[in-house]
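Not measured: the values here are computed from a predicted model. Counting convention: from 1, in listed order, for ligands and their atoms alike.
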Amino acid sequence: MPYAHITGWGMSVPETVLTNEDLSKMVETDDAWIRDHTGIRERHIARENQFPSTLGVEAAIKALAVANVRPTDVDLIICATSTPEYIFPATACLIQDQLGASKAGAFDLLAACSGFIFGVNMAAQAIRSGSIKTALVIGSETLSRFVDWKDRNTCILFGDGAGAFVLQASDLPGGVLSAVMHSDGSGGDSLSLPGGGSHHPATEATVREGKHYIQMDGAKVFRFATRAMGSAAKEALELAGMTTDDVQWIIPHQANYRIIETAARYLKMPLDKFIINVDRYGNTSTASIPIATVEAVEKGLLKPGDKIVLVGFGAGLTWGALAAEWTGPLPVEHKVHPERYRIWARLHSVFNRLVRFIEGLIWGRNS
Ligand code: UT7
């Protein structure tokens, strides 16, 4: 049975930064309150022309370049997102097209902030079963579009961004070692986005009532999160036959510094074994774990052979954890320059549209 290795990683965040100071001019809050209660100092906010697919493609291109995998060699694209571009088509399909990943099956996965862990686990299972060889898992969000900027309970928390992993099959031992996934739908109303779906299709009334904004009972989610994070990490470690002593890094979902502190206490681990960057990005939902991972690699903290645990929680309610041995890129003979991935993606997209246009001309569908 092949092993599923994480061989590529990439991230992308919008350039626009919104600080706590900026927020204090929009709602009744201040920097000290936000930092004390969440650990967040600033977050990145998408421009009007930036979408989950735009950010996701950029993160994916970087991940493919690290792994030295051509888009045409990708078998499966999973995009975990809480803020899909449309109900359908899937954001993963938009990314598949923009990447020129012509062979890949693509779908979205909705498990809110736990989505990236669930997605990596699904991709790893598909690789281990032998049904695919290469997968791209992306977490991408523009949460700023669903935040009520007049609600200080939620607008201070969220940010936009994307992160991506490439997973590849290899006979070398290592890669994803274990994973656990949990859900409790009875807690669904404590964190939701009720408007625009088939229960509350968009109408003037749903917009007036603010149903298209994130609704959250912060205290309830906080209590759930502090229980869920520690227990899921412990479960994944036990499944992998490891203890906390074997682990170099825990990479948690970045929602609130205090939640991460509580998980560290539960696991009896020092906080400096946790990768934390919530101060600079806020909560980017499915993107938070891959973004934290990319930064850990780029700072030289996370190295091949390290044992890691990814752990997260989110709306649903959902929670989960995944233990892995960090691999790094598999050996290759010929390294492709990262810019070529962008050139290919652009050409492929233009070519596809041209073919569809010509098809329409020939069969008379363009009139
Ligand atoms: O991916 C999952 C996403 N969600 C989460 O992770 C949320 C988890 N929950 C939390 O992170 C925390 O519950 C919050 C950060 C949302 C809130 O922190 P808290 O320590 O639980 O504060 P609180 O809700 O108990 O509010 C304390 C006080 C309240 O005032 P009163 O009623 O005591 O007078 C709030 O109205 O702080 C007030 N408050 C604020 N004050 C200044 C709430 N938000 C703000 C704010 N600025 N932004």
Please report which non-hydrogen protein atom sits nearest to [atom], along with the residue it belongs to and the distance in Å to one decimal place.
atom                    : result
atom 23 (P) of ligand 1 : Trp33 CZ2, 4.8 Å
atom 24 (O) of ligand 1 : Asn153 OD1, 4.8 Å
atom 4 (N) of ligand 1  : Met216 SD, 3.4 Å
atom 5 (C) of ligand 1  : Val221 CG1, 3.7 Å

May I ask whether [atom] is less than 4.0 Å from at least one protein heavy atom?
atom                    : value
atom 36 (O) of ligand 1 : yes
atom 11 (O) of ligand 1 : yes
atom 32 (O) of ligand 1 : no
atom 46 (C) of ligand 1 : yes

Sequence neighbours excluded, every pair satisfying side chain to side chain donor-acceptor pair (under 3.5 Å) that has a member inside residues 60-70:
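Sorted pair list comes back empty.
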Short list, please: which atoms of ligand 1 are under 4.0 Å from a heavy atom of [X]?
X      : result
Gly218 : 8 (C), 9 (N), 13 (O)
Ala255 : 6 (O)
Asn256 : 10 (C), 11 (O), 15 (C)
Asn283 : 1 (O), 2 (C), 3 (C)
Phe313 : 2 (C), 6 (O)
Thr38  : 15 (C)
Ile156 : 48 (N)

Classify the contact between Phe222 and ligand 1 as side chain, backbone, both or neither, using a heavy-atom distance cut-off of under 4.0 Å.
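Contact part for Phe222 vs ligand 1: both backbone and side chain.
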For the side chain of His212 and the backbone of Gly195, is there at least one donor-acceptor N/O pair under 3.5 Å apart?
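A pair under 3.5 Å: no.
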Given His37, Glu28, Arg258, identify the one with the heavy atom nearest to atom 22 (O) of ligand 1.
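Considering heavy atoms of His37, Glu28, Arg258, the nearest to atom 22 (O) of ligand 1 sits in His37.
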For atom 38 (C) of ligand 1, tell me which residue out of His253, Arg152, Gln254, Arg223 has the closest non-hydrogen atom.
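Nearest option to atom 38 (C) of ligand 1, by heavy atoms: Arg152.
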Compute the ring centroids of Phe158 and Phe146, then answer whether they are less than 6.0 Å apart.
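Not close enough - the centres of the two rings lie 6.0 Å or further apart.
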With a 4.0 Å cut-off on N to O distance, would you call Asp75 and Lys133 a salt bridge?
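Lys133 and Asp75: not salt-bridged.
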I'd like to know if Arg342 and Glu339 make a salt bridge, using a cut-off of under 4.0 Å between side-chain N and carboxylate O.
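Counted as a salt bridge, because a side-chain N and a carboxylate O are separated by less than 4.0 Å.
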For ligand 1, is there an N or O atom under 3.5 Å from any N or O atom of Thr29?
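Yes, Thr29 has an N/O under 3.5 Å of an N/O on ligand 1.
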Under 3.5 Å, is there a donor on one side chain and an acceptor on the other for [X] and [Y]?
X      : Y      : value
Arg353 : Ser349 : yes
Asp160 : Ser144 : yes
Tyr281 : Glu295 : yes

For His200, what residues pass the side chain to side chain donor-acceptor pair (under 3.5 Å) criterion, not counting sequence neighbours?
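His200 satisfies side chain to side chain donor-acceptor pair (under 3.5 Å) with no residue once adjacent residues are dropped.
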side-chain contact (heavy atoms from CB on, under 4.5 Å) between Arg227 and Trp319, intermediate numbers included
CA-CA 10 Å; Arg227 283 194 310 270; Trp319 67 106; over 6 Å; no
same_hphob_cluster(Val120, Leu76) at 4.5 Å side-chain heavy-atom cutoff:
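The answer is yes; both residues are in one hydrophobic cluster.
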With Arg43 as reference, evaluate Thr284, Asn20, Asn283 under the side-chain hydrogen bond (donor to acceptor under 3.5 Å, both in side chains) test and give the passing residue.
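When side-chain hydrogen bond (donor to acceptor under 3.5 Å, both in side chains) is applied between Arg43 and each of Thr284, Asn20, Asn283, only Asn20 qualifies.
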